[in-house]
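Let me begin by presenting the structure, written as structure tokens, before commenting on it.
Bear in mind that the values here come from a model prediction, so they are computed numbers and not experimental data. Chain letters run A, B, ... following the sequence lines, proteins first, then strands; residues in each count from 1.
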2 protein chains.
Amino acid sequence: MAKISKKELIVKHARSLFSQHGYELTTLEAVAKVCSITKPAIYYHFEDKAALYRAVICPEFTTIAQHIEENTQVGTAVQRLESYIKTFGEFLISHPDFNAIFAREIANSAITIPDECIEQLSRTIKQLIFILDAGEKEGVFQKETPFLIQMMIVTTLTSYNTARPLRERIAQTIEDKSRQEPNFENIIESLSKKIVKGLLC
Amino acid sequence: MAKISKKELIVKHARSLFSQHGYELTTLEAVAKVCSITKPAIYYHFEDKAALYRAVICPEFTTIAQHIEENTQVGTAVQRLESYIKTFGEFLISHPDFNAIFAREIANSAITIPDECIEQLSRTIKQLIFILDAGEKEGVFQKETPFLIQMMIVTTLTSYNTARPLRERIAQTIEDKSRQEPNFENIIESLSKKIVKGLLC
DNA sequence: ATAATTTTACTTACCGTTAAGTAAGGAGAT
DNA sequence: ATCTCCTTACTTAACGGTAAGTAAAATTAT
């Protein structure tokens, strides 16, 4: 297997801990411990805690922007929008740590994420705008605020995952045991159908 | 004007600070300062920081559950669902601090919110389940996971508000200045139409 | 009515812990 | 011998929480 540098190892473990506990409650001591090193070793590789956090999130934003652009270029507007949603949803499945971190960032107004990440987010939003505009020109989509559609996609999917423990607590107080939890692929599919249907003329 | 007790004053200011900075980054010293008292005075009224936080959020969950129940009893399933979404959205407008706190809680898996609040949330979910079931019986709604609909409503609306600074940063990187921000009432209305349309048979 | 006592609602001063960050030095590779 | 990559041992600051004391209001006793 490909060798992973110590620096990459720190980022990987830090990502896991940031995703579990959030930025404030993640201590560098804890990161060091799971990496089997000491705290100052982290300071050798990163300027400070914020720099480590940036190293954790920035590559993820870049990757998702690439995935989105690669997968939403061809087809009808409906197909491209479906692919946009599916690509985003599948990225969350394969990057659960990013899911949790991104959800917290949105709830926190994303004040701590660097401009570098904002640019990557802009790439995805621009792609969504292209798709919605194309749909309008095709005469299949109603005009709608792109940011609302983006929020419907992004926050519904990320929060559906982060809110799982909340759902389980709520489910315990509701008698109806017949309802079972659908898997996340089905949720992506359902959401996609609803958003497309809601947008159609 | 109605006299407000010192204890209520602490809760009010604490709610504002918790909503701005989150639980961890809100210090009791800061709460005390805006109340023009000292930190131990807070400990006179509340057992600890967590107890103050509970006093901040619990009444809000109770109020929203009441509003939802009061406003979604009559009419067709479509009307009741529209009222459900509108009532929730308008509560967020009139309780912006709750909006921010609730968004953070969902992103954080709601692990810190007490069972008392979960019960109130259950009341609203039960109401949504009633409405969706009624819609199925009327033959107008497709069967869908209620939690997905709940997430589409709750997280889209709360995050649309919390993500405002994020949107503004993104907007700066996109040339198109013609698009203007719709007000939140319009967002509620748009979301409502899309969810209802997406659910129709 | 008024004096004695108690309770309410705080303040001042402080403790203990925790976590970010640093200074200095050491082991191993080149 | 010097550079890389770390460790040990530390400083600093902040924050939750507490002990002890007090002014003023309320309650009770005389």
Side-chain angles (χ1 to χ4, degrees), chain A residues 1-59 97 100-101 104-105 108 110-114, chain B residues 1-59 97 100-101 104-105 108 110-114:
Chain A
M1 66 188 185
K3 64 176 176 182
I4 180 173
S5 73
K6 188 59 75 71
K7 190 171 179 178
E8 286 168 320
L9 187 82
I10 295 170
V11 169
K12 194 180 127 191
H13 283 127
R15 180 146 48 221
S16 171
L17 289 174
F18 280 133
S19 98
Q20 289 175 62
H21 311 296
Y23 183 81
E24 316 299 340
L25 292 183
T26 298
T27 69
L28 295 183
E29 215 102 41
V31 175
K33 194 173 182 182
V34 294
C35 296
S36 301
I37 54 171
T38 58
K39 188 172 54 167
I42 296 174
Y43 280 91
Y44 174 77
H45 291 286
F46 302 95
E47 199 189 333
D48 54 18
K49 189 181 181 182
L52 172 59
Y53 187 68
R54 284 194 298 273
V56 159
I57 61 171
C58 289
D97 292 339
I101 292 170
R104 280 202 191 85
E105 283 295 344
N108 205 31
I111 41 179
T112 58
I113 79 173
Chain B
M1 66 189 187
K3 64 176 175 180
I4 179 173
S5 72
K6 186 61 72 74
K7 190 172 179 177
E8 287 169 320
L9 187 82
I10 294 170
V11 169
K12 193 179 128 191
H13 283 128
R15 178 145 47 221
S16 170
L17 288 175
F18 280 133
S19 98
Q20 289 175 63
H21 311 295
Y23 184 82
E24 316 299 340
L25 291 183
T26 299
T27 69
L28 294 182
E29 215 102 42
V31 175
K33 196 171 183 184
V34 295
C35 295
S36 302
I37 55 172
T38 58
K39 186 172 56 167
I42 297 174
Y43 280 90
Y44 175 79
H45 291 286
F46 302 94
E47 200 190 332
D48 54 19
K49 189 181 183 183
L52 172 58
Y53 186 68
R54 284 195 297 275
V56 159
I57 61 171
C58 289
D97 292 340
I101 291 170
R104 280 202 192 84
E105 283 293 346
N108 206 30
I111 41 178
T112 58
I113 78 174

| Would a distance-only check, ignoring hydrogens and angles, find a side-chain to backbone donor-acceptor pair under 3.5 Å from Ser19(B) to Ile101(B)? | no
| query | Mind checking whether Thr26(A) and Tyr53(A) have side chains closer than 4.5 Å, heavy atoms only? | reply | no
| query | What's the spacing between Cys35(B) SG and Ile10(B) CD1 if we round to 0.5 Å? | reply | 5.5 Å
| request: Mind calculating the distance between CG (Leu52(A)) and P (dG21(C)) to the nearest angstrom? | output: 11 Å
| query | Any cation-pi pair here, Lys7(A) with Tyr44(A), using under 6.0 Å and within 45°? | reply | no
| Under-4.0 Å side-chain N/O to phosphate OP1/OP2 contact, Tyr44(B) with dC10(C) | no
| request: Round to the nearest Å and state the distance from Asp48(B) atom CG to dT18(D) atom C1'. | output: 13 Å
| query | Just how far, in rounded Å, is C1' of dA20(C) from CZ of Phe18(A)? | reply | 12 Å
| query | Rounded to whole angstroms, how far apart are CD1 on Ile37(B) and C1' on dA9(C)? | reply | 10 Å
| task | For Pro40(A) and for Leu25(A), find the nucleotide of DNA chain C with the closest heavy atom, then tell me which residue's nucleotide is more 5'. | result | Leu25(A)
| said: Just verifying a value: how many Å separate Asp97(A) CG and Ile57(A) CD1, rounded to the nearest 0.5 Å? | reply: 13.0 Å
| said: Just the rounded figure in Å: distance from C1' of dA14(D) to CD of Glu24(A). | reply: 13 Å
| request: Among dG21(C), dT12(C), dT7(D), find the nucleotide with the atom closest to the side chain of Thr38(B). | output: dT12(C)
| query | Phosphate oxygens OP1/OP2 of dA9(C): is one of them under 4.0 Å from a side-chain N or O of Lys6(B)? | reply | no
| request: Grab the NZ-C1' distance between Lys33(A) and dA19(C) for me, whole Å please. | output: 15 Å
| field | Rounded distance (Å) that lies between atom P of dA23(C) and atom OH of Tyr43(A) | value | 12 Å
| field | Spacing between Lys39(A) atom NZ and dC10(D) atom C1', to the nearest angstrom | value | 10 Å
| message | So, OP1 or OP2 of dT8(C): does either fall under 4.0 Å of a side-chain N or O from His45(B)? | response | no
| task | Check every strand shown and say whether Thr27(B) touches a base, only sugar-phosphate, or nothing at a heavy-atom separation below 4.0 Å. | result | sugar-phosphate
| request: Would you state whether a donor and an acceptor, one from the side chain of Lys49(A) and one from the base of dA19(C), lie under 3.5 Å apart? | output: no
